[in-house]
A.B. asks: 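Below you'll find the structure I mean.
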Amino acid sequence: MATTTLHHFPAKTITSPTTITQFPENPKTLILQQCKTNKDLNQVHAHLIKTRLHLNPRFTENLLESAAILIPNTTMDYALSIFRNINEPDPSAYNVMIRAFTLKKSPQEALILYQKMNRSSVQPDHFTFPCTLKACSRLRAVREGEQIHAQIVKSRFGSNDLVNNTLIHMYANCGKIEFARKVFDGTSKSDVFTWNSMLSGYVRSECWGEALKLFDEMRNMGVGFDEVTLISVLTACGRLANIELGEWIHEYVETNGLKGSVNLVTSVVDMYAKCGYVDKARSLFDEMDRRDVVAWSAMISGYSQARKCKEVLDVFCDMQMAKVEPNEVTLVSVLSCCAVLGALETGKWVHFYVKKKRMELTVTLGTVLMDFYAKCGLMESAIEVFNKMPFKNVFSWTVLIQGLANNGQGKRALDFYALMLENSIEPNDVTFIGVLSACSHTGLVNEGRGFFVSMSRDFGIDPRTEHYGCMVDILGRAGLIEEAYQFIKNMPIQPNAVIWRTLLASCRAHKNVEIGEESLKNLVRLEPMHSGDYILLSNIYGSVGRWEDAMRVMNQMREKGIKKTPGCSLIELDGEIYEFFAEDSASPYSKEVYNAAEMMIKNIKSAGYMPDAADARLDAEEGDKEASVAHHSEKLAIAFGLIKTPPGTTIRISKNLRVCSDCHNATKIISKVFSREIVVRDRNRFHHFKEGSCSCNDYW
DNA sequence: AGTTCAGGGT
């Protein structure tokens, strides 16, 4: 006999340790206290039938409740079989079933049963409505909710607090906050639960100001408040950066001995972090004697929003040491910080973890995973995630479009934009930033103009500074410098420094001295301490041979006490991050790296590379200009990558500034001569170098 | 027999 069949015939069922041998008069206590599985229930059920006690509805309903709600991790099958055998179920039997379906994530079934109850003319009682409304809430079924509301009004439960609290919750959860308020105003306003329901409704609908107003009202009316109230109010404080009220609540928590409440203290931690006091949040977090996954996640997201990525990874590490399992929310914060850092290895580890734990690829998790891959330059992985996501929203599509645009695949980005519209997803303002940058990074001038018009005409989105910036970029990169300049002059809102900087960068690429000078004038007025701007104009002079003017601009900068931001490039090898600065001799690898860089330059020179001194340090001696360019941080990092990785490995570099034209040219040739793919993430976008050309088509 | 609450993405 095959051994596998034996497993289905264990002797255990007969001599199970939970076997019930003695039955008390009232089986309810027994069912509640001892039944852990359906098998236990079976025995009680059998006993009830044998003793004909099952004809007593009270016993049967107790059994039903146990089967539907009290036995952990079980389906509704057993409960359904009991329910179907009840001759004329009364409201309580229906209530148990409706409550259980909602509890077990089948709110749809709950509503179907409620309809059946109506058809059978069983009168709902004051417990039926809350159970059913909760199901509507879960499903965001506002129409069904409204129908039930009408039935409530017609019934005698219209003034029942419990019923009204659930109504408020249902409307707020379905986004109908003004309906919720109407219900609230119709209550006696004497129950803290009612106030809490309304408060949480405002918080859920992101009406932070209304929430605080309600809390004020609550204190004026002297209804009192509890922990749940404070948690909602703290959320609103965090979003409004209302530190005064936040601190008042913190005081209240301290003086009233409420620090043992993990939820409440977590909310205080979150409030401080959102108000910008992340260190204060941390010290409070450290004082907690118990931390659950939400507390850890709040601290991690606090650091993540403060862009303190190193701290995010440290706390995440501590969390694992503390043996608290991260969940989706935790991982979203961690991934978004990996995206900022370009921490490919760590982010991949998180993705692996998600797969190992078979976590659901929700819209949020999927979107942040895509963004992470896109920001590490791995667009194919990003698209793979996108294709696996069962649901996508405007965020997901926007990340995809922006990712493709930044990785030099502008045409593909626009294809996906068209597909997005076909899928009836409405683009928002951020989507258009992606669409317009796809145009600018690909040189699609007329398409760009078209989208800029379409944005407000077809979708009612008013362009923001960022959108004007994209247009300036589109025109400027294409060499339409004069038009870009006029575009800025005609902008209905005040151009900021970023706009002028964009124009200045175009002037650098197209050697336009006059408008470059004009741009710098505006930049000096708006952000006088930004070193890169002076350097850009200086390079423009250099590129047309006006070395004296170039020197003059650099001196002007130095006189103002402005220091150059040193160029810095990072390379990740075996999960370790190596940092290189331009002309850096302090690095422990400097000798090795300089030798490697020298060899590398020699090699590409014989393949036709000509150094471009326009990007050199101006104070370098004439003969040293070439060496100055050769020691840009990027070249050092690439040289290091060449000697430290096996032939054929892709080299990934991130740098803090934009790629200079000499490095760009050199890297193209390196990719060909050494047969390497090289991916450079600069402060604006990606460059994928392969076989002598770059994904940006020399257009950045 | 029931109701309110915390952390996340372009």
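Naming convention: chains lettered A, B, ... in sequence-line order (proteins, then strands); numbering from 1 in each chain. These numbers come from the heavy atoms of this one structure, side chains and all, not from hydrogens, waters or symmetry mates.
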A.B. asks: Counting any heavy atom closer than 4.0 Å, what does A:Gln305 reach on the DNA or RNA strands: base, sugar-phosphate only, or nothing?
C.D. replies: sugar-phosphate
A.B. asks: Using 4.0 Å as the upper bound for N to carboxylate O, is an ion pair formed by A:Glu384 and A:Lys388?
C.D. replies: yes
A.B. asks: Using a 4.0 Å heavy-atom cut-off, does A:Val399 contact any base of the nucleic acid, only the sugar-phosphate backbone, or nothing at all?
C.D. replies: sugar-phosphate
A.B. asks: State whether the number of non-hydrogen atoms from other residues, nucleotides or ligands found under 6.0 Å of A:Arg307 atom CZ is greater than 12.
C.D. replies: no
A.B. asks: Report yes if a donor N or O on one partner sits less than 3.5 Å from an acceptor N or O on the other, where the partners are the side chain of A:Asn327 and the base of B:dG7; otherwise report no.
C.D. replies: yes
A.B. asks: Does B:dA6 have OP1 or OP2 under 4.0 Å away from a side-chain N or O of A:Thr235?
C.D. replies: no
A.B. asks: Kindly say if A:Arg204 contacts the phosphate of B:dT4, meaning a side-chain N or O under 4.0 Å from OP1 or OP2.
C.D. replies: no
A.B. asks: Report the nucleotide, chosen from B:dT10, B:dA6, B:dA1, that has the shortest atom-to-atom distance to any side-chain atom of A:Thr398.
C.D. replies: B:dT10
A.B. asks: How would you label the contact of A:Val269 with the nucleic acid (heavy atoms, under 4.0 Å): base, sugar-phosphate, or nothing?
C.D. replies: nothing
A.B. asks: Side chain of A:Phe127 only, heavy atoms from C-beta on: which candidate in B:dG2, B:dG9, B:dG7 is closest?
C.D. replies: B:dG2
A.B. asks: Examine B:dC5: is either OP1 or OP2 under 4.0 Å from a nitrogen or oxygen in the side chain of A:Ser200? Give yes or no.
C.D. replies: yes
A.B. asks: What is the distance from atom CD of A:Gln409 to atom CZ of A:Phe416, rounded to the nearest 0.5 Å?
C.D. replies: 9.0 Å
A.B. asks: If you look at every strand shown and take non-hydrogen atoms under 4.0 Å, does A:Val96 touch a base, only sugar-phosphate, or nothing?
C.D. replies: nothing
A.B. asks: State whether a side-chain donor-acceptor pair under 3.5 Å links A:Thr266 with A:Asn263.
C.D. replies: no
A.B. asks: Please state whether the phosphate of B:dG2, meaning OP1 or OP2, lies under 4.0 angstrom from any side-chain nitrogen or oxygen of A:Arg99.
C.D. replies: yes
A.B. asks: With heavy atoms under 4.0 Å as the rule, sort A:Thr364 into base, sugar-phosphate or nothing.
C.D. replies: base
A.B. asks: How close or far is atom C1' of B:dG9 from atom CG of A:Leu400, stated in whole angstroms?
C.D. replies: 14 Å
A.B. asks: So what does A:Ser333 hit on the nucleic acid, given a heavy-atom distance under 4.0 Å: a base, only sugar-phosphate, or nothing?
C.D. replies: sugar-phosphate
A.B. asks: Counting only side-chain heavy atoms from C-beta out, which of B:dT4, B:dT10, B:dG9 sits nearest to A:Asp226?
C.D. replies: B:dT4
A.B. asks: Using a heavy-atom cut-off of 4.0 Å across all strands, would you classify A:Thr367 as base, sugar-phosphate, or nothing?
C.D. replies: base
A.B. asks: To the nearest Å, give me how far apart CG (A:Asn196) and C1' (B:dC5) are.
C.D. replies: 8 Å
A.B. asks: Taking atom P of B:dT3 as reference, at what distance in whole Å does atom CD1 of A:Ile231 sit?
C.D. replies: 17 Å
A.B. asks: Considering every strand and a 4.0 Å limit on heavy-atom distances, what is the contact class for A:Asp161: base, sugar-phosphate, or nothing?
C.D. replies: nothing
A.B. asks: So, A:Phe193 and B:dT4: ring centres less than 5.5 Å apart, planes less than 30° off, yes or no?
C.D. replies: no
A.B. asks: Side chain of A:Thr166, heavy atoms from C-beta onward: which of B:dT3, B:dG2, B:dG7 has the nearest atom to it?
C.D. replies: B:dT3
A.B. asks: With the side chain of A:Leu162 defined as its heavy atoms from C-beta on, choose the nearest nucleotide among B:dT3, B:dG7, B:dG9.
C.D. replies: B:dT3
A.B. asks: Separation of A:Trp397 atom CH2 from B:dT10 atom C1', in whole Å?
C.D. replies: 14 Å
A.B. asks: Tell me if the side-chain of A:Asn95 makes a donor-acceptor pair with the base of B:dG2, cut-off 3.5 Å, by modelled atom types.
C.D. replies: no
A.B. asks: What residues, two or more places apart in sequence or in another chain, satisfy salt bridge (Lys or Arg N to Asp or Glu O under 4.0 Å) together with A:Glu61?
C.D. replies: none
A.B. asks: Do the side-chain N and O atoms of A:Ser188 and A:Ser190 include a donor-acceptor pair separated by under 3.5 angstrom?
C.D. replies: yes
A.B. asks: Mind checking A:Lys392 for me? I need base, sugar-phosphate or nothing, with any heavy atom below 4.0 Å counting as a touch.
C.D. replies: nothing
A.B. asks: Taking only N and O in the side chain of A:Lys134, is any of them less than 4.0 Å away from OP1 or OP2 of B:dT3?
C.D. replies: yes
A.B. asks: Calculate the interatomic distance between A:Leu264 atom CG and B:dA6 atom P; express it in whole Å.
C.D. replies: 12 Å
A.B. asks: Within the 4.0 Å heavy-atom criterion, would you say A:Thr194 contacts the bases, only the backbone, or no part of the nucleic acid?
C.D. replies: nothing
A.B. asks: When all nucleic acid strands are considered with a 4.0 Å heavy-atom cut-off, which category describes A:Asn263: base, sugar-phosphate, or nothing?
C.D. replies: base
A.B. asks: Mind calculating the distance between CG (A:Asp292) and P (B:dC5) to the nearest angstrom?
C.D. replies: 17 Å
A.B. asks: Return the value, rounded to whole Å, for the distance between atom CZ of A:Phe157 and atom C1' of B:dA1.
C.D. replies: 13 Å
A.B. asks: How close or far is atom C1' of B:dT10 from atom CZ of A:Phe416, stated in whole angstroms?
C.D. replies: 16 Å
A.B. asks: Roughly how far apart are A:Ser437 OG and A:Arg685 CZ, rounded to 0.5 Å?
C.D. replies: 9.0 Å
